[in-house]
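Order of appearance sets the numbers: ligands from 1, and atoms from 1 within every ligand.
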Amino acid sequence: MTDPTPTTRLAAEETVERVDRFPRDFRWGLATAAYQIEGAAFEGGRGPSIWDTFAHTTGLSKHGDTGDIACDHYHRWQSDIELLASLGVTDYRLSVSWSRLQPSGTGELNPVAVEYYRGILAGLAERGIRPLVTLYHWDLPQPLEDAGGWPVRETAHRFAEFAIRVVEALGDVANDWVTLNEPWCSSFLGYGNGAHAPGRADYRAAIHAAHHLNLAHGLAVAGIRAASPGASVGITNIVTDIVPATDSPDDAAAAERLDAASNRIFLDPVYLGEYSAAVWDTLGDRGLTDVVLDGDLVIIGAPTDFAGVNHYQRVIASHAPDQQIQVTERPAEPATTSFGWSVVPESLTAVLTRVAREFTSLPLYVTENGASYDDYVDPNGDVVDTERVAYLRGYLGAAADAIDAGVDLRGYYAWSFLDNFEWAEGYSKRFGLVWVDYGTQERIPKLSAHWYRRLITEHQEAVANTTA
Ligand code: FCB
């Protein structure tokens with residue numbers, strides 16, 4: 001007699017208490033990004049992006065890992081979308097690689113890359129899965145970085161041109177677009193502390209980059225509307241829940257500065273059409289006044305159709321005079337994920353209710369949420385990631401709490417479909433609901449994938465019962 005399979009072990013796991021807490025047309029998705037899964041870095045006419053350069057620079061990514069092969073999704077996309085469909089999801093968030101589609105960062109799109117993405121999008125349509133396409137998930141073509149990168153205003157125009165060309169080429173097989181993924185990471189990690197590509201550490205350049213990313217979003221929205229009038233378009237921001245360490249005025253002010261430099265610098269201009277006083281006070285002299293030109297905020301504040309929220313962390317902010325913007329931060333609870341992040345489900349309720357209350361009445365989507373754990377294949381060949389099941393259960397309950405509180409939340413995309421190249425952490429961090437053996441490229445749905453499929457089925461059955 002063999003040990004229980006993941007499915008029978010799953011019987012012991014509880015599902016979300018009440019699937020009827022989610023609206024009947026709630027969308028259930030999984031998310032990925034091009035550089036993290038595609039591989040085939042030198043095929044099909046693809047050019048180098050800043051992530052190729054960064055990962056190939058000694059000492060910058062863990063163990064020197066690169067996305068050269070990653071999950072080899074470029075060659076395996078057909079079986080991967082079959083696997084995705086077998087998990088029962090209604091939606092899939094993917095990104096297109098700028099350096100695959102437009103290697104020089106300007107001009108005609110590469111037809112080989114267009115055909116590749118058309119194949120994936122048509123395959124998703126055949127399986128009834130709605131795609132949400134991110135146009136920029138951090139892979140700036142290297143020639144644009146060589147010309148100055150995001151700290152340079154021209155890059156925003158290059159992105160808008162790229163977005164228009166992509167929507168012209170793929171707009172008949174995709175209708176839902178995310179302009180940028182987490183511009184906070186692109187600017188503050190990419191140019192501020194150098195933890196991400198292109199690895200520059202210059203805080204002023206990071207603030208210039210942040211504004212130009214906001215501008216790129218606004219220019220792209222206008223371009224996408226013109227190219228595809230029926231398209232649905234939004235931006236995905238990471239929204240961090242920031243709590244002051246104590247009730248002292250110093251810590252309260254530190255939390256406000258951190259909020260300005262992580263959340264507000266991106267949420268304010270897109271949803272409120274201005275940078276708030278907190279943003280100007282914190283970042284004005286540090287670079288923002290250098291780059292904001294007349295008319296920019298009107299462009300950036302162009303109406304969108306939905307708001308994407310990525311959420312991973314609640315952090316505690318303390319006044320720290322010797323630090324950048326005089327703040328230091330730490331995880332809210334002991335770090336129980338392998339990334340050093342803590343698990344605080346109610347922080348998702350907090351950020352969703354905050355975005356709805358302070359920033360926008362648009363429909364919201366959780367476009368990423370998830371955790372990395374020390375998963376392993378057991379002697380039965382199973383990956384029993386009970387920690388991830390508990391995580392998803394907790395955060396989906398917290399999402400349902402936000403819905404109960406009146407938030408117009410329309411869908412949830414777990415990060416991630418597959419284990420993948422986790423940026424500077426290389427292959428050391430596994431966020432997938434599906435295990436990837438990088439040596440053989442075998443995929444094994446983890447316990448969490450079985451759990452998620454069951455949740456989706458239960459929700460669909462509950463909807464069918466109320467209709468009957
Ligand atoms: C987010 C990124 C995503 C992934 C997760 C863990 O910040 O958007 O690509 O790396 O973190």
Parallel, tilted or perpendicular, as decided by the 30° and 60° cut-offs, for the rings of F22 and H459: perpendicular
Out of the candidates I403, V239, V366, only one should pair with L352 under the side-chain contact (heavy atoms from CB on, under 4.5 Å) rule; please name it. V366
How would you list, by chain and number, the residues with a heavy atom under 4.0 angstrom from ligand 1? Q36, H137, W138, N181, E182, Y312, E368, W415, E422, W423, F431
Does a side-chain heavy-atom distance below 4.5 Å link S49 with W98? no
Do F431 and D419 have side chains that get closer than 4.5 Å, going by heavy atoms? no
Mind checking whether R330 and V315 have side chains closer than 4.5 Å, heavy atoms only? no
For the backbone of P303 and the side chain of Y271, can you confirm whether one donor and one acceptor N or O come within less than 3.5 Å of each other? no
